2 protein chains.
Amino acid sequence: MQDAPNRPYHHGDLRRAVIETALDMLREEKGWQFTLREVARRAGVSHAAPYKHFPDKAALLAELAMIGFDRLRDTLSAAKSEAPNSLRDEITTIARAYVTFGTDNPALYRLMYSAEDGQAVGIHLNERALAVFDVLLEILRRGQAAGSIRKRPIEGQAAAGWGLVHGMTMLAIDGLLVPEKVGSAPLDAALSALVEGLGSPAT
Amino acid sequence: MQDAPNRPYHHGDLRRAVIETALDMLREEKGWQFTLREVARRAGVSHAAPYKHFPDKAALLAELAMIGFDRLRDTLSAAKSEAPNSLRDEITTIARAYVTFGTDNPALYRLMYSAEDGQAVGIHLNERALAVFDVLLEILRRGQAAGSIRKRPIEGQAAAGWGLVHGMTMLAIDGLLVPEKVGSAPLDAALSALVEGLGSPAT
DNA sequence: GCGCTCAAGTAGCCACTGTCAACAATGTAT
DNA sequence: ATACATTGTTGACAGTGGCTACTTGAGCGC
C-alpha cells in the first residue's frame, strides 16, 4: 500500500500517515531506535517530508506522547465504566487496565514519560498527563462522597495511586518484576495494601 | 587542571576519570545530551581514548547505572540505620530517602531505569537493582517477624513499596507532581495508605 | 487556455556522533 | 637493549538530524 502506483503526488494526509507509521514502529520493538528518516522511509516519502508537518523530531515525539496519554485516559475511562459496582473492584480494574496498557505498549509508555519537560510543548503534554490523573481523582471523589474513602486531601491519595501504578508499570516494562522473585500477583498485593490504606477505617 | 602543561601522555587512571566526568555531567542538567565525545573533551583526552576502557557507550552507561544502584542501596541502608524504632517511621524514612535520591540525581536515576535490558550486561545491572529490592524486603521481613506486618507473600508487598516509591520518584522528576495540583505531601499520603494497608489489622 | 502563486516533495550540504583502524608514546619483561 | 603490551592520539567512515535551495504538482484569476 505504501507504494501504490497511483499514489498522488500530494500525499493528502501525510501528517496522519507519519503519526501512524511512528506508532507502528513504537509498537514493534521495545528497544527500537527511533529516527525520523526511518519513519519517512516506511511512510514511503523522502527523508525531509515530515519536516513539512513537524518542525522537528521532538515535536513528533511530543505529539506521539500526547496521543499516548489520550489513549491511556480513554482506556481507563472505558475500564471504569465496565467495572463492577464495588469501589474496590473499580480501583482494581482500572489499575490493572493501566498496567496492562503500559506493558502492551512499552515503547510508547516509556516515551510518554520521557519527553523533555520545560519545553513549549511540554505544557500541553503535562495537560494530557494530568487528564489521566483526573480520572483517578474522580473515582476517589466518588468514594469520599460515598463514605468509603477517608476524607483526606484527595490529591495526595490520587498521587499515591498514580505513583503506584506508574511505578509498577515501569518496573514491569524493565523486566524487574520477574515472577520468581516477586510472586505471582504483585500488583494485586500492592493494590490490596493501598486500597485498604485508603479505605475508611469502618469498612 | 585538565590541560596542565606537563600532563603525562598516559593519563594514569582514565577509567575512573571518565566515570567521574560522566557522573558530573549527569549531575548538571536533567536533559543533558550524553555523548562520549563530550565526556572525553571534559576529561581532557582525545575522543577515542575512552574506548580503551569501555567497549562502547552502552558499557559506560551500564557502569554508571550500576554505580547509581549501588549508591541508592547505600543511601537506603544508611537511612535505615538512622531511622527511629517504629517500623512505620522506618518505612517512611527510607521511602523519603529513596525519593530524595531520585529528585537529587534525576538524570542518573533516569539512566538507572532506562538502560536496555536483555543485554549481556543487563544481568549484572538487574542484580544491582534487585539488591535495592532486597533492602525493602529485609524491612518487611522484620516487620512480619515482629507481627506488625501482615503475613502475606512478602515479595508482593515489597514490590508494592518499590513500585510506589519508584513511581512517585519518576513523577516527581518529570514535574508531574506539582504541589498546586497534588497537595503538599503526596508521598506521605501515599505511604500512610500503603503502610496502613500493609499493617496487620490488629495494629 | 495561460500564467501566477503556493503547497508538497526532493536533493544535497553541514555538523555531530559512535566506532574502528592505524600510528605514537610510554612502561615492562627478558 | 630489545621486543612487547598498554594506553592515548589521529584520521577516517557511516549514520543521523537540521537547514536551505530546487523541483513538481495543483489551484486560482484572467
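What you are looking at is a predicted structure, and each value in this text was computed from that prediction instead of being measured. In what follows, every chain begins at residue 1, and chains take the letters A, B, ... in the order their sequences are listed.
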Nearest whole Å is fine: how far is C:dC20 P from B:Phe54 CZ? 16 Å
Heavy atoms only, 4.0 Å cut-off, all strands: where does B:His47 land among base, sugar-phosphate and nothing? base
What nucleotide, of D:dT9, D:dC19, C:dG9, holds the atom closest to the side chain of B:Ala49? D:dT9
At 4.0 Å (heavy atoms only), tell me whether B:Phe34 reaches a base, stays on the sugar-phosphate, or touches nothing. sugar-phosphate
Any A:Arg41 side-chain nitrogen or oxygen under 4.0 Å from OP1 or OP2 of D:dG15: no
Grab the CG-C1' distance between B:Leu60 and C:dT17 for me, whole Å please. 15 Å
Taking side chain as C-beta onward, heavy atoms only, is B:Ile154 less than 4.5 Å from B:Leu137? yes
Report yes if at least one side-chain N or O of A:His53 is closer than 4.0 Å to OP1 or OP2 of C:dA8; otherwise report no. no
Rounding to a whole Å, what distance do you find between B:Tyr51:OH and C:dC20:P? 7 Å
Which whole-number value in Å describes the distance from B:Lys52 NZ to C:dC20 P? 11 Å
Please tell me which of the listed nucleotides, D:dG8, C:dG18, D:dG17, lies nearest to the side chain of A:Lys57? D:dG17
Are the charged groups of A:Asp89 and A:Arg96 less than 4.0 angstrom apart, N to O? no
Taking the basic N atoms (NZ, or NE/NH1/NH2) and the acidic carboxylate oxygens, is any pair closer than 4.0 Å for B:Glu138 and B:Arg141? no
Please report, rounded to the nearest Å, how far the P atom of D:dA14 is from the CZ atom of B:Arg37. 15 Å
Separation of D:dG17 P from B:Gln33 CD (nearest whole Å): 11 Å
Could you say whether B:Ser46 or A:Asp56 is positioned toward the 5' end of DNA chain D, judged by the nucleotide with the nearest heavy atom to each? B:Ser46
For A:Thr35, report the nucleic acid contact type (base, sugar-phosphate, nothing); a contact means any heavy atom under 4.0 Å. sugar-phosphate
Rounded to whole Å, the CG-P distance (B:Leu14 to D:dT7) equals 10 Å
B:Asp74 bridged to B:Arg71 by N-O distance under 4.0 Å: no
Check the distance between D:dG8's C1' and B:Asp13's CG and give it to me in whole angstrom. 14 Å
Minimum side-chain heavy-atom gap A:Thr103-A:Met168 below 4.5 Å: no
